[in-house]
Structure formats: C-alpha cells, structure tokens
Amino acid sequence: MIYTDNAATTPLSAAAAKAVSDCMMNVYGNPSSLHSIGQKAAEVLFEARQTIAQCLNCQPREIYFTSGGSEADNQAIRSAAHAGKKKGKTHIISTAFEHHAVLHTLERLQKDEGFEVQLLDVDENGLITAQQVADAIREDTCLVTVMFANNEIGSVLPIREIGEVCRAKGVTFHTDAVQAAGHLPIDVQKDNIDMLSLSGHKFHGPKGVGVLFVRKGIVLENLIDGGAQERGKRAGTENIPGIVGMAAALEEACGEMQEVSEQERAIRDRIIEGLSKIPHSMLNGDREKRLPGNVSFCFEGIEGESLLLMLDEKGICASSGSACTSGSLDPSHVLLAIGRIHEIAHGSLRLSLSKYNTMEQAEYIIETVPQVVEYLRSFSPLWKDKINGKKEFILK
Amino acid sequence: MALYSEKVMDHFKNPRNLGSIENADGIGEVGNAKCGDIMKIYLKIDNEIITDVKFETFGCASAIASSSMATELIKGKPVSEALELTNKAVAEALDGLPAHKMHCSVLAEEAINDAIKDYLSKKEKAES
C-alpha cells in the first residue's frame, strides 16, 4: 500500500516507537510521586518538555501537554476569550477555513456566551493577508486565531506578519500549527506567536498527545480540573510514554526538516505536474505557499468518495473533502471557503506525503489517478452532459 | 466494522448493468450535482417485461452500488413489479447501508420509478 494520507495521521517513526516503548517498559512512575521511581518519571517528563521547547524556541515552562491538537485549540481559545471578556473585550477574529476544533469552539462561544466571532474570508488560493487582520482588529478584540497551514489544501499563512500586527495592537494571537509542526520551521519568538497548538501524531509521533504553547504572562483556564499537573492548568496523570514519544518525533522531524521537506517537495511537484494534465481539473491551495507534502485537486464530473475507494483498491490511501466522506450533506468547508462550488468540491482528492513516500510511488500515483478518474467519468451522467454540451464545464 | 458491507463493495467494484441503452423505452434521471449524486436508468421493455436495464451514476460508492443492485432486482421483471421496488429492498439486498447513506437507496428507487414513468408516458402518447 502507498500511504498518502499523512495529514490525517502519520506512521510512528522508529525513534518515536523506541522512545514510547522504552518509556513504557522502564519509566512507570508517577511524576507527582516523591520517591525515586516517581522522580525518574518527572525527570523524563521535564526532558521532553525541554526538547519541545527547544524545537519551538520557547521556555519549558511555557509548554503544556494535552491530549492532542483539539484540546490545545479548545483551551487556548477559551482561555483568551474569557480573559478578554473580563476586560469587556468579546470580539474574536479567525478565518473561514480553520479546523473544526477551532471553528466549533468559536461557534459555541458565540452561541452560548455572546462573543462576536468574525471569520475572515480566505482568497481562492487559501490565503489571508496580515492587512485583513489589521483591518479587522477593534478596541474590543481579545483574540486572533489563524491556522499556520491548512490541513486540506496545504496553504501556508503569513503567520509572522499576522503575529506582528497582533503584537503591535496588543491582541493575543493563537495559531493552530497542527499541520505545520515538524514540517515547517516554527519560532514562536520570531513568529510573534502567543499561543500555539500542535499534535504528536502529525509528525510521526504517537496519537492522543499534543502541546499547547502559552507565552509567559498569558492566563490559562482549565478545561480539566483535578490535580496540580501541568502547573495546575491541565489535571490528570501525564501520558508520559506519549509525551516522550512526541518529543522524540518532534526532535527528529526538526532535525531532518530541510532534507525531508526537499524530498517531499520534489515528490509533491511531480504529482502536481502529473495530475494537472487531467482535463477539467484544478489544484487547490497556493502553488508556492504550500506545505511540502500537500497535493489537493478537484476533478470535475466525479465524486470523491468513489474516487478514494477505487484508489484504495489500487493500493493508494488518500482522502477527499466530498460530502460523502465528511459525514454531512455539505462538502468540505475549506473548499467552499476558497470558492469551489458544491459540485466541484464533491470531486476533491487530497494526497498528503511524508518522508516515507518515494518518487517511484509518485510515478504510480500519476499513472493510476488519471485512469480511475477516467473510469468514473465514463459512467457519470454529469460528465456525459458536459461532454455532450448539455451542461457547461466549470473547470477548464 | 467496515463502513460498507461486502456486498456494497462488490457492487461498487464490479457494477452490474453499467452503461446506457440506445433507443431506450424509458429513461429516468434523479439527483443533482450540488448534492453529489445523479442516477440515470435506461430501460428496454418488451411486452411489459423489463428485458434490459442499464445505469450511469455520478456519486459515492453506495450510490453506485445501490444503482447496480436496483438494476439487478428489476431485470427480467414485469413493469408492474418493478414499480413496487422500495429503497428498503435495495438496501436489504446490499446487506444494509450506513444510516447516512440510506438516501442512495432512495435515489435508486426514484430513478427506476422515473424511468418507468417515462416509459408509460411514451406508451400513452404512442397509443393516443
């Protein structure tokens, strides 16, 4: 099988797997225990915190371990929102194509607590500008939350510039960096980031563990009350093997980032070049400001779920933003946000690469995907109507 | 448990009666591009018996499988019997569909009804 769904999750790296397993076998203590076995665990936990802090260029005490990206997003957004509300600030700025962990949290704050959420429009390439953020910031803005890179279409946002705008205006800036961490250089100092979420399993670490970076001085609110773990801000005995595995994975990913992203970029560009030849198709997301491993296309006249399952039959694991794969009646909100109409968004395909993909696989993909698209079009009444001139083509 | 039954996957991977019929006696088309599924059914009818049926579908795996199964269920049957085909029968013959995919079987039922209606109205016109 060729696995090209790394934006969904990545296979564990050997280094991460070893770290998890060594930790599980040897470090069973509870870091809150005062005896030596507990303190061994506390030490391991601190080392992991240090490693991650180094990767992001922050202090270890600014790192909070969570159950993953969604929890980190929830905690960051709620904390900033509620801190703002205490000062009478209830305006929040975000974008229309954030991950649901952000969008649904914002929706709830709007519905249940009277916050005013302003979602900035993204352009057809899946980008926003720092100027848009600057124009939207008001006296009562308490939070700007913008993703580092989009999970579906791979566009990379101007985070440093947006951070600069927020810093200048004194507004807390959070970024969901789940797709970026371990894949793009992140420096929370230079990038002017106040809060950042990441998830271990998106860079060959284990699932069920993530990080929230919170700049010193920003007040964090608990989602989970209980013991004094994570400086009293996230109760529950720490997931030590997960945390250690995530730290090993992030350290490895940051260490080999340049080499891996060059390799991924070359494979990505080859696939984009190959699939662009399919008539009436379109690349989603910016061609240049793009995650090194993201390929996202829409193909006219076919539906994404059947495309995915056919590809699975041919040994290619991918994903789609069609309604049928989203579990709702509407196709992906990301594709709609960049202006794809429903019909086109239904025919989407995302291939997301990792360091384990090869150029040979790329060749197989660009040979196979066009065949499957052609096959599905061969019995699509929608495609037939377009070919026969009864309906207009939407993509050139 | 897998999302789809083996039968759904079989009919998706090896669809029966795929294609179109030239000079069909009845053609039905339901669904729309916005919702992500369109089904088209072609019927050949002799002496009120469906002697041949073909389909073309734009849609997900369960839409393709539902069309395929529905054509199997009506092939060789009298028109009157085909009119009674229910979406439930299509879904059951596929060993069930996930709840959010049941509308695919509804589309299959509607597409067949639509094709038969087309046949009946053509027949009425020819007779009058």
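Each chain gets a letter, A, B and so on, in the order its sequence line appears, and its residues count up from 1.
Other residues, nucleotides and ligands place no more than 12 heavy atoms under 6.0 Å from the CD atom of Glu374(A). Residue-environment remark: CG (Asn14(B)) exceeds the threshold of 12 foreign heavy atoms within 6.0 Å. Counting heavy-atom neighbours within 6.0 Å of Arg108(A) CZ, excluding the residue itself, gives a total of 12 or less. Other residues, nucleotides and ligands place no more than 12 heavy atoms under 6.0 Å from the NZ atom of Lys314(A). Within 6.0 Å of CD on Gln371(A) lie more than 12 heavy atoms contributed by other residues, nucleotides or ligands.
In terms of heavy-atom pairs under 4.5 Å with chain A, the best-connected choice from Ile38(B), Ile64(B), Thr57(B) is Thr57(B).
Of all heavy-atom pairs between Ser306(A) and Gly59(B), the closest is OG-O, 2.8 Å.
Taking CG from Leu309(A) and CG from Leu3(B), the interatomic distance works out to 7.5 Å, rounded to the nearest 0.5 Å. Separation of atoms CG (Asp312(A)) and CE (Met9(B)) is listed at 7.0 Å; rounding is to 0.5 Å. Taken from NZ in Lys40(B) to NZ in Lys384(A), the straight-line distance is 6.5 Å, to the nearest 0.5 Å. One finds the SG atom of Cys60(B) at 12.5 Å from the CG atom of Leu307(A) (value rounded to the nearest 0.5 Å).
When Ser380(A), Pro381(A), Ser378(A) are each tested for a side-chain contact (heavy atoms from CB on, under 4.5 Å) with Glu56(B), only one passes: Pro381(A).
Distance alone, capped at 3.5 Å, is enough to place a donor-acceptor pair between the His346(A) side chain and the Lys34(B) backbone. In terms of modelled atom types and a separation under 3.5 Å, the side chain of Glu303(A) and the main chain of Phe58(B) share no donor-acceptor contact.
For Asp385(A), the part lying near chain B is the side chain, with the backbone staying farther off; criterion is any non-hydrogen pair under 4.5 Å. When heavy atoms are compared at a cutoff of 4.5 Å, Ser20(B) approaches chain A solely by way of its side chain, counted from C-beta outward. Interface residue Pro15(B): only side-chain heavy atoms are found under 4.5 Å from chain A. Contact annotation for Leu18(B): only side-chain heavy atoms (C-beta onward) come within less than 4.5 Å of a heavy atom of chain A.
Taking the charged nitrogens against the carboxylate oxygens, Glu305(A) and Lys101(B) do have a contact shorter than 4.0 Å, which makes a salt bridge.
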